[in-house]
Student: 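Sharing a structure here in structure tokens format.
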Amino acid sequence: MPLPHVSDGTLPAHVEEQRTRVSIHEDAPRMTATVEAAGAYFASGVDNSFSMERFRRDLRIEVQQLDEEEIVFDVIGIDAAIANAFRRILLSEVPAMAIDKVFILNNTSMTEDEVLAHRLGLIPIRADPRLFRERVGDEDPDEHHVIAFRLEIKCTRGNKDDPGSSEMVNSRVLSSHLQWIPQGDQEERFREREIKPVHDDILIAKLRPGQEIVLEAWCEKGIGKTHSKWSPVATASYRLLPEIRCSRVRDHFIFSVESTGILPPEELFCEAAKVLMQKAADLAQLLKDAVLGQGGGADE
Amino acid sequence: MADGDEPPQRVEIEAGGDTSAATFTLHNEDHTIGNSLRYVLNKDPQVSFVGYSVPHPSEPKMNLRIQTVGPSATTVLHGALGTLYEITAHTKETFERALEDFKAKQER
């Protein structure tokens, strides 16, 4: 019997379908995993190994939508393993700035100190994290590590024009009440783009007349892995390109990255790429060191 | 950051019988690099087996097992890290070009 597809350098139609598509059925999607093994299609004469040349030729990226908060773009010709690495890094390894230490001098509000500190931590702060350094261990903090804010607010009854009025002043503590206290050369360095919360109308606490909050907050650099308040994205996700015939194109990712406003969304993907490149380079060096530490056992 | 107890070595190598097989322990790494490396290594014809695991979600380490058809597992891993770097660098460049194209199109 003739075997028309064997070793002619192409895959039979149904195998090609399985290789390039995820099929959708009423119970669950099928053929979801990439066929990875380099020799998987050896018998058909098809090379399934990774080639940088092929990757360079086939990768396409197209931006679909871009505004101040969100970017949507297509990445075609990449595997889920790599696309997912980008997504994970965007969520948890691209640095951002967030309030981390709160020194409460006075708090007579209904909001407990720890709740207040937690709420402050979650406020996105508009400061470029690339201009700051992460504080390592007990390193002494300076203007390259810390952004200081002061919050001093007291709720009173009656306004300036009419002291007798029963109207409440400062009953809502908002993110706009946070006052940036420039340290060292920060005023000079951030003259162009003053440091402040991304949004001015985030409600931090509510006060009744006579209650007050006085505190100092330190904003530091960190990553989402440590605490999600340091995540630079509201969300980062992708979906596979759907087709009318109930399938998804396996290597066509529709990426969507929504920024918290700290960095423009289009810069976040590049930052994620830099993190992954750094990771690969660092590990290569560490691997070399580990081999040397073992007495240079490998044939390098 | 507070969790300052870094392991003395971030990469540990548990060698097999010969250099063609080894288990690498990467500290402070997870699925992000684990799955990417598994993908790149699986697509390397020199690799006969590769798998990774994160033994416990609250322990910041990742184990990577590599068996090859002959060459040293360390060399192969080194190569995979290089490939991963190139993949990322090319993706970044392609993205930057796509962004320029998009901005140019919008200005028109």
Side-chain angles (χ1 to χ4, degrees), chain A residues 34 36-39 47-52 55-56 59-64 66 71 73 75 78-82 84-86 88-89 92-93 134-138 220 222-223 225-226 266 269-270 273-274 276-277 279-284 286-291 293-294 297-300, chain B residues 1-4 9-13 15 19 22 24 26-47 50 60 71-75 77-78 80-103 105-106:
Chain A
T34 311
E36 286 179 344
D47 179 12
N48 197 42
S49 65
F50 184 83
S51 123
M52 205 54 217
F55 181 71
R56 284 218 170 83
L59 181 72
R60 285 200 295 128
I61 297 182
E62 225 173 278
V63 178
Q64 301 296 351
L66 172 66
I71 185 168
F73 57 98
V75 185
I78 204 164
D79 190 76
I82 309 294
N84 194 39
F86 282 122
R88 286 175 62 94
I89 290 172
S92 67
E93 290 187 63
E134 219 167 299
R135 198 145 68 93
V136 193
D138 336 313
E220 292 187 21
I223 55 172
K225 213 187 223 179
T226 315
E266 68 271 27
F269 188 78
C270 292
K274 280 189 216 159
L276 188 52
M277 283 156 76
K279 231 184 225 302
D282 285 352
L283 282 170
L286 288 161
L287 185 61
K288 243 182 206 161
D289 297 348
V291 172
Q294 281 194 342
D299 52 32
E300 283 188 275
Chain B
M1 217 93 344
D3 46 33
Q9 260 186 316
R10 273 197 57 206
V11 175
E12 284 172 76
I13 309 174
T19 56
F24 301 88
L26 312 183
H27 292 277
N28 284 327
E29 293 300 344
D30 55 18
H31 301 279
T32 302
I33 204 96
N35 200 35
S36 309
L37 282 175
R38 202 214 66 231
Y39 164 75
V40 174
L41 286 160
N42 239 335
K43 275 188 164 287
D44 183 341
Q46 295 174 297
V47 174
V50 58
S72 133
T74 313
T75 313
L77 176 56
H78 216 276
L81 286 165
T83 309
L84 186 58
Y85 184 92
E86 278 186 66
I87 292 175
T88 317
H90 179 63
T91 310
K92 179 170 170 280
E93 267 168 45
T94 313
F95 177 82
E96 282 163 346
R97 240 177 296 128
L99 192 63
E100 270 169 39
D101 289 351
F102 179 81
K103 283 182 175 167
K105 222 191 291 167
Q106 274 206 321

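Protein chains get the first letters and strands the later ones, always in sequence-line order, with residue 1 at the start of each. What you see is a predicted model; the values in this text were computed from it and never measured.
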Student: So for B:D44, is it side chain, backbone, both, or neither that comes closer than 4.5 Å to the heavy atoms of chain A?
Tutor: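 The answer is the backbone of B:D44.
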
Student: Of all heavy-atom pairs between B:T91 and A:L59, which one has the smallest distance, and what is that distance?
Tutor: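 Of all heavy-atom pairs spanning B:T91 and A:L59, the closest is CA-CD2, 3.8 Å.
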
Student: Please classify the contact of A:I78 with chain B as side chain, backbone, both or neither, using a heavy-atom distance under 4.5 Å.
Tutor: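 It is the side chain, since no backbone atom gets that close.
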
Student: Between B:K43 and A:N48, is there a side-chain heavy-atom distance shorter than 4.5 Å?
Tutor: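 A:N48 vs B:K43: side chains touch.
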
Student: Relative to each other, are the rings of A:F55 and B:H90 parallel, tilted or perpendicular (30° and 60° limits)?
Tutor: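 The rings of A:F55 and B:H90 stand perpendicular, inter-plane angle above 60°.
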
Student: Minimum heavy-atom separation for A:E36 and B:Y39, please, with both atom names.
Tutor: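 Looking at all heavy atoms of both residues, the closest pair is OE2-CD1, 3.5 Å.
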
Student: To the nearest 0.5 Å, how far apart are NZ in A:K225 and CG in B:N28?
Tutor: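 Rounded to the nearest 0.5 Å, the NZ-CG separation comes to 6.0 Å.
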
Student: Which atoms of B:K103 come close to chain A, meaning under 4.5 Å heavy atom to heavy atom: side chain ones, backbone ones, both, or neither?
Tutor: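 Side chain only.
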
Student: Side chain, backbone, both or neither: which part of A:M277 has a non-hydrogen atom closer than 4.5 Å to chain B?
Tutor: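 Contact with chain B: backbone and side chain both.
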
Student: Starting from the C-alpha separation in whole Å, work towards a yes-or-no answer on side-chain contact (heavy atoms from CB on, under 4.5 Å) for A:L287 and B:T74.
Tutor: CA-CA 8 Å; A:L287 185 61; B:T74 313; 3.9 Å; yes

Student: Please determine, among A:N84, A:I61, A:I89, the option with the most heavy-atom pairs under 4.5 Å with chain B.
Tutor: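 The candidate making the most pairs under 4.5 Å is A:I61.
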
Student: Looking at every heavy atom in both B:T32 and A:E93, which two are closest together, and how far apart are they?
Tutor: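 Closest heavy-atom pair between B:T32 and A:E93: OG1-OE2, 3.9 Å.
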
Student: Any side-chain heavy atom of B:L84 within less than 4.5 Å of one from A:L283?
Tutor: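 No - every pair of side-chain heavy atoms lies 4.5 Å or more apart.
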
Student: Give, for atom CD of A:Q64 and atom CZ of B:F102, the distance between the pair rounded to the nearest 0.5 Å.
Tutor: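 If I round to the nearest 0.5 Å, the distance is 8.0 Å.
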
Student: For B:L81 and A:K279: C-alpha separation, side-chain torsions, deciding distance, then whether side-chain contact (heavy atoms from CB on, under 4.5 Å) applies.
Tutor: CA-CA 9 Å; B:L81 286 165; A:K279 231 184 225 302; over 6 Å; no

Student: Could you tell me which portion of B:I33 (side chain, backbone, both or neither) has an atom closer than 4.5 angstrom to a non-hydrogen atom of chain A?
Tutor: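 Interface part for B:I33: side chain.
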
Student: Looking at every non-hydrogen atom in both residues, tell me the closest pair between A:A85 and B:S36 and how far apart they are.
Tutor: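 Closest approach of A:A85 to B:S36, heavy atoms only: CB-OG, 3.4 Å.
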
Student: Is the shortest heavy-atom distance from the side chain of A:F269 to the side chain of B:L99 under 4.5 Å?
Tutor: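 In short, these two side chains do not touch, never coming nearer than 4.5 Å.
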
Student: Look up atom CG in B:L26 and atom CG in A:D282, then write down how far apart they are to the nearest 0.5 Å.
Tutor: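 One finds 12.0 Å between CG of B:L26 and CG of A:D282.
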
Student: Do the non-hydrogen side-chain atoms of B:V11 and A:D289 ever get within less than 4.5 Å of each other?
Tutor: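 They are not in side-chain contact.
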
Student: Heavy-atom distance under 4.5 Å between the side chains of A:I82 and B:T88, does that happen here?
Tutor: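 Heavy-atom side-chain distance check fails, nothing below 4.5 Å.
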
Student: Using heavy-atom distances under 4.5 Å, tell me whether B:L41 contacts chain A through its side chain, its backbone, both, or neither.
Tutor: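 No part of it gets close to chain A.
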
Student: Checking B:E93 against chain A: side chain, backbone, both or neither under 4.5 Å from a heavy atom?
Tutor: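 Looking at B:E93, nothing touches chain A.
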
Student: Would you say A:R56 has more than 12 foreign heavy atoms packed within less than 6.0 Å of its CZ?
Tutor: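 More than 12 heavy atoms, drawn from other residues, nucleotides or ligands, come within 6.0 Å of this atom.
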
Student: Using a strict threshold of under 4.0 Å (side-chain N to carboxylate O), is an ion pair present between A:R88 and B:D30?
Tutor: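 So B:D30 pairs with A:R88 through a salt bridge.
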
